[in-house]
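Here is the structure we will look at, set down as structure tokens.
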Amino acid sequence: WFMIRFTGGPVTAFFSGTAITTLVQSSSATTLATIGFVSAGILTFSQAVGVVMGASLGTTTTGWLVALVGFKYGISKFAFPLVGLGALGRLMSHGRNAAIALAVAGFGLMFVGIDILQSGMADLSGFLSSDKLPHGTFMGRVLLVGIGIVLTIITQSSAAAVATTLTAFHAGMIGLEQGTALIIGASIGTTSASALAAIGATTLARRTALAHILFSVIAGVLAFVLVPAFVWAVHLVEHQFGFQFGAVILAAFHSGFTLLAALLILPGVNRFSAIVERLVPERGP
């Protein structure tokens with residue numbers, strides 16, 4: 001209902017996609033729902049383009065949540081109680097209250113996963129370090145982007161790949177440049193869900209999936225080009241002011257390049273949509 005009600009134009013659709021994905025913490029869920037609505041004729045293609053771009057930005061909030069909350073507090077102390085309370089509420093209630101309780105349980109499970117990741121990374125830190133991974137070269141960054149893509153395709157969740165990357169960075173297993181490359185890979189890899197959903201789908205659905213893939217690739221290429229300057233600027237600020245950003249800098253990088261790509265494409269979204277339509281022509285019923 002929210003998606004249908006608040007997707008009047010591309011910009012409005014962009015903010016709706018961002019808000020929905022922030023709430024459900026899954027860009028794949030938002031994108032797949034959008035593809036379904038386009039196939040059913042509920043959303044137009046131009047609206048869908050705005051939604052999938054917003055979904056790409058909304059999924060970056062997971063990184064902020066992990067970096068700002070997951071690493072700074074003893075999350076295991078309240079994660080399991082959240083799961084227990086949510087599960088109990090789900091069993092004892094119905095309708096909207098049951099859905100809220102299920103969301104609480106899922107929120108708790110996400111923090112349980114982060115706690116497990118932290119423990120696992122701490123054990124691995126003695127065997128794996130940033131020196132053992134590609135770094136400092138163009139091809140090294142390309143390889144790490146590929147690893148991020150593969151990791152996301154395997155888990156079918158960019159949130160899981162991003163959380164793993166942030167945890168590894170927090171544990172000192174990877175450096176900033178390596179972390180940015182893995183984040184870019186996760187951002188591109190999440191489009192695999194759209195690609196799978198487009199198989200055998202209607203023309204509008206395939207166009208929506210392609211729009212999501214193209215946007216993510218454009219954002220990834222833009223971020224890849226900016227990585228050296230970004231890493232240099234971060235190291236300069238840390239050296240000059242003696243300030244350590246921590247994992248939050250990777251979350252900021254993820255949101256930053258996604259938002260920058262959206263700001264570049266949204267003003268010309270009609271031209272972008274026209275390109276996609278030419279790439280996927282109408283085939284009839």
Side-chain angles (χ1 to χ4, degrees), residues 27 56 59-68 70-72 113-192 216-240 242-261:
S27 61
S56 296
T59 195
T60 66
T61 58
T62 302
W64 287 99
L65 195 61
V66 172
L68 293 174
F71 297 144
K72 294 187 177 181
I114 294 171
D115 187 58
I116 294 172
L117 274 174
Q118 284 183 272
S119 301
M121 291 298 180
D123 293 336
L124 280 175
S125 60
F127 302 96
L128 184 63
S129 64
S130 60
D131 295 335
K132 297 179 181 179
L133 294 173
H135 66 282
T137 64
F138 175 83
M139 289 308 300
R141 290 198 299 273
V142 171
L143 179 59
L144 286 169
V145 170
I147 292 173
I149 292 174
V150 171
L151 180 62
T152 307
I153 291 175
I154 291 173
T155 61
Q156 280 297 294
S157 171
S158 62
V162 168
T164 303
T165 301
L166 292 176
T167 305
F169 181 73
H170 181 73
M173 296 172 60
I174 60 174
L176 179 60
E177 181 183 351
Q178 295 162 330
T180 55
L182 289 170
I183 291 290
I184 293 170
S187 178
I188 296 174
T190 191
T191 61
S192 61
S216 296
V217 170
I218 291 171
V221 171
L222 179 64
F224 190 86
V225 172
L226 294 175
V227 162
F230 176 79
V231 172
W232 175 83
V234 171
H235 287 162
L236 178 65
V237 171
E238 290 182 339
H239 177 72
Q240 291 290 336
F243 181 76
Q244 295 295 320
F245 289 102
V248 72
I249 197 64
L250 285 179
F253 175 75
H254 193 190
S255 297
F257 76 75
T258 306
L259 180 60
L260 180 59

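In this chain, numbering begins with 1 at the start of the sequence shown. Quick caveat, the model's predicted, so the values are computed rather than measured. Hydrogens, waters and symmetry mates play no part in the numbers below; they use all other heavy atoms, side chains included.
For Ala252 against Trp64, the heavy-atom pair with the smallest separation is CA-CZ2, 3.5 Å. Minimum heavy-atom separation, Val162 to Gly63: CG1-CA, 4.1 Å. Nearest heavy-atom pair across Ile174 and Gly179 is CD1-CA, 3.8 Å. When all heavy atoms of Ser255 and Thr60 are compared, the closest pair comes out as OG-OG1, 2.9 Å. Residues Pro228 and Val225 approach most closely at CD-O, 3.5 Å, considering heavy atoms. Across all non-hydrogen atoms, the minimal contact from Arg141 to Ala181 is O-CB, 3.8 Å.
Every residue meeting the side chain to side chain donor-acceptor pair (under 3.5 Å) condition with Thr190, not counting sequence neighbours, appears here in chain and number order: Ser27.
In this structure, Phe230 and Phe253 have tilted ring planes: the angle between them lies in the 30° to 60° band.
Taking the side chain as every heavy atom from C-beta outward, Leu144 and Ile147 approach each other to under 4.5 Å. Using a 4.5 Å heavy-atom threshold, the side chains of Leu260 and Leu226 count as touching. A heavy-atom distance below 4.5 Å is not found between the side chains of Val248 and Leu166. By the 4.5 Å heavy-atom criterion applied to side chains, Thr258 and Thr59 are not counted as neighbours.
Leu182 contributes atom CG, which lies 11.0 Å from atom CD of Glu177 (distance to the nearest 0.5 angstrom). The CD1 atom of Ile218 sits 11.0 Å away from atom CD1 of Ile188, with the distance rounded to the nearest 0.5 Å. We find the CZ-CD1 distance between Phe257 and Ile184 to be 5.5 Å, quoted to the nearest 0.5 Å.
Under a 3.5 Å cut-off, the side chain of Thr152 and the backbone N or O of Gly148 do form a donor-acceptor pair.
Within the structure, side chain to side chain donor-acceptor pair (under 3.5 Å) contacts touching residues 229-239 (residues at least two apart or in different chains) do not occur.
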